[in-house]
> 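Mind having a look at this structure? Questions to follow.
Counting convention: from 1, in listed order, for ligands and their atoms alike. All of these numbers come straight from a predicted model, not from anything done at the bench.
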Amino acid sequence: MVTGTCFAETGNDVTCVDIDAGKVSKLKNAEITIYEPGLEKLFLRNLKEDRLHFTTDLAEGVKDAAIIFLALPTPPGEDGSADLKYILGVADALGKILTDYKVVVDKSTVPVGTAEKVHEAIAKNYKGEFDVVSNPEFLREGVAVEDFMKPDRVVIGTTSERARKLMSDLYGPFVRQGNPVIFMDERSAELTKYAANSFLAAKISFMNEIARLCEKLGADVDMIRRGIGSDDRIGKRFLFPGIGYGGSCFPKDVQALVRSAKEANYDFEILNAVMKVNEDQKLHLIPGIKKYFNNNLEGKRFALWGLAFKPNTDDIREAPALYMIDALIAGGATVCAFDPEGMQNVKNLIGDKIAYAANQYDALKDADALIIATEWNEFRTPDFLKIVTRLKNKVIFDGRNLFELAAIRELGFHYESVGRAIVN
Ligand SMILES: NC(=O)c1ccc[n+]([C@@H]2O[C@H](COP(=O)([O-])OP(=O)(O)OC[C@H]3O[C@@H](n4cnc5c(N)ncnc54)[C@H](O)[C@@H]3O)[C@@H](O)[C@H]2O)c1
């Protein structure tokens with residue numbers, strides 16, 4: 001959606017093909033199917049300008065295309081490696097359809113060697129000229145449109161001059177401020193994407209371990225973050241501890257890189273630790289919650305603010321909130337949740353396993369404590385009076401360190417966060 005819409009926004013004629021007929025029908029009727037800031041406006045504008053089209057018919061979609069982007073799912077297979085059945089399935093179908101030169105672009109996050117596999121799958125049936133290019137996507141959900149329109153860099157893996165020229169022209173309008181388009185071979189481009197996500201995941205797990213140590217040693221992770229973030233070599237971003245990374249990318253991409261490494265007889269030791277730390281971190285608040293309630297959650301009710309894996313998205317894939325819900329319910333508790341955008345997706349996934357509130361304050365009614373799982377802006381400066389009057393106890397477990405300890409102490413809450421002192 002983001003790739004197609006943003007390419008249309010720069011004047012290209014784009015046809016998005018999807019096998020989900022329900023999705024295509026909604027999109028054709030000008031109904032957007034994901035939440036992403038700024039996307040709807042662009043989607044409607046380009047639909048109106050007749051530059052953006054939707055179909056379930058692959059042949060119709062690629063008929064007049066110069067460039068075909070594969071932005072298909074690459075979920076983890078049973079062994080953790082990226083499952084290429086969607087990509088190779090479409091590549092196979094393309095081989096039966098193509099009649100003239102096209103550039104086929106792997107936009108999905110795919111393991112090293114996939115461009116070659118896609119090439120083979122197409123070439124099985126199509127004997128004409130075509131190129132397969134690796135063009136990994138680095139956008140962040142929640143700011144996807146902004147990232148796509150103004151990318152820090154564009155990575156293009158190709159050794160074909162013809163494809164290079166087409167890709168260069170396509171991305172020209174997106175890098176007018178001078179951000180680099182980095183050309184490389186296909187394999188390096190494929191690995192660049194996994195290296196980027198794995199590095200960022202490692203940064204998060206590293207800070208989460210520092211936070212755990214802070215709790216044990218009586219240090220404050222906020223101070224450590226500021227202390228190290230001002231070093232240019234480390235950087236200020238991605239140093240916030242919390243209850244782990246989730247989403248559709250980091251968990252599967254780190255796992256897939258570890259798996260690729262294993263297939264190449266390499267044991268990627270750091271990434272094994274990154275995954276283990278993250279697995280445990282999702283439940284980091286649970287022992288404190290149990291301890292507070294004397295190891296008995298039976299009949300307790302929790303208000304949960306945040307379901308999406310991060311703010312400004314309705315994506316709940318691998319969201320830490322879901323792991324917490326399981327742990328709380330396994331302990332005999334009930335949960336009433338609120339999320340500005342993610343509730344429908346959670347309802348579709350777990351139905352009435354939890355209750356859903358119409359707003360953040362309704363979720364608090366008769367709850368024994370508030371748990372915060374996602375750092376949505378509207379949770380950052382809440383009306384504490386409303387919290388106090390609705391919650392049964394003045395107790396907050398904050399997985400995203402939203403509040404200043406001094407302020408929360410003043411308000412008289414019992415407050416537990418990540419890597420900081422417990423306020424009693
Ligand atoms: N979501 C992100 O932030 C992000 C960022 C960078 C890279 N990526 C990568 O992009 C790829 C897609 O991710 P996503 O989050 O957009 O996935 P998604 O699951 O939201 O969307 C994929 C779409 O492909 C459709 N599809 C499946 N099989 C198809 C087929 N045979 N023909 C046509 N359509 C088909 C699905 O119906 C679905 O609508 C993944 O490899 C992911 O790792 C995602």
> Establish, from distance only, whether the side-chain atoms of Ser81 and Asp79 form a donor-acceptor pair under 3.5 Å.
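Indeed, the side chains of Ser81 and Asp79 share at least one donor-acceptor pair under 3.5 Å.
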
> With a 4.0 Å cut-off on N to O distance, would you call Lys165 and Glu161 a salt bridge?
no

> Which protein residues come within less than 4.0 angstrom of ligand 1, counting heavy atoms only?
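For ligand 1, the contacting residues are Val17, Asp18, Ile19, Asp20, Lys23, Ala71, Leu72, Pro73, Thr74, Tyr86, Val90, Ser108, Thr109, Glu137, Leu139, Glu141, Lys193, Ser248, Cys249, Lys252, Arg317.
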
> Donor-acceptor pairs are to be reported for all side-chain atoms of residues 322-334 against protein atoms at under 3.5 Å, with residues two or more places apart or in another chain.
from   : atom 1 : to     : atom 2 : distance (Å)
Tyr323 : OH     : Lys282 : NZ     : 3.4
Tyr323 : OH     : Glu318 : OE1    : 2.7
Asp326 : OD1    : Lys353 : NZ     : 2.9

> Does the distance from a Lys or Arg side-chain N to an Asp or Glu carboxylate O, for Arg45 and Glu9, drop under 4.0 Å?
yes

> If the plane angle is over 60° it's perpendicular, under 30° parallel, otherwise tilted; pick one for Phe7 and Phe148.
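Correct class here is perpendicular.
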
> Ion pair present between Arg187 and Asp185, side-chain N to carboxylate O less than 4.0 angstrom?
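No.
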
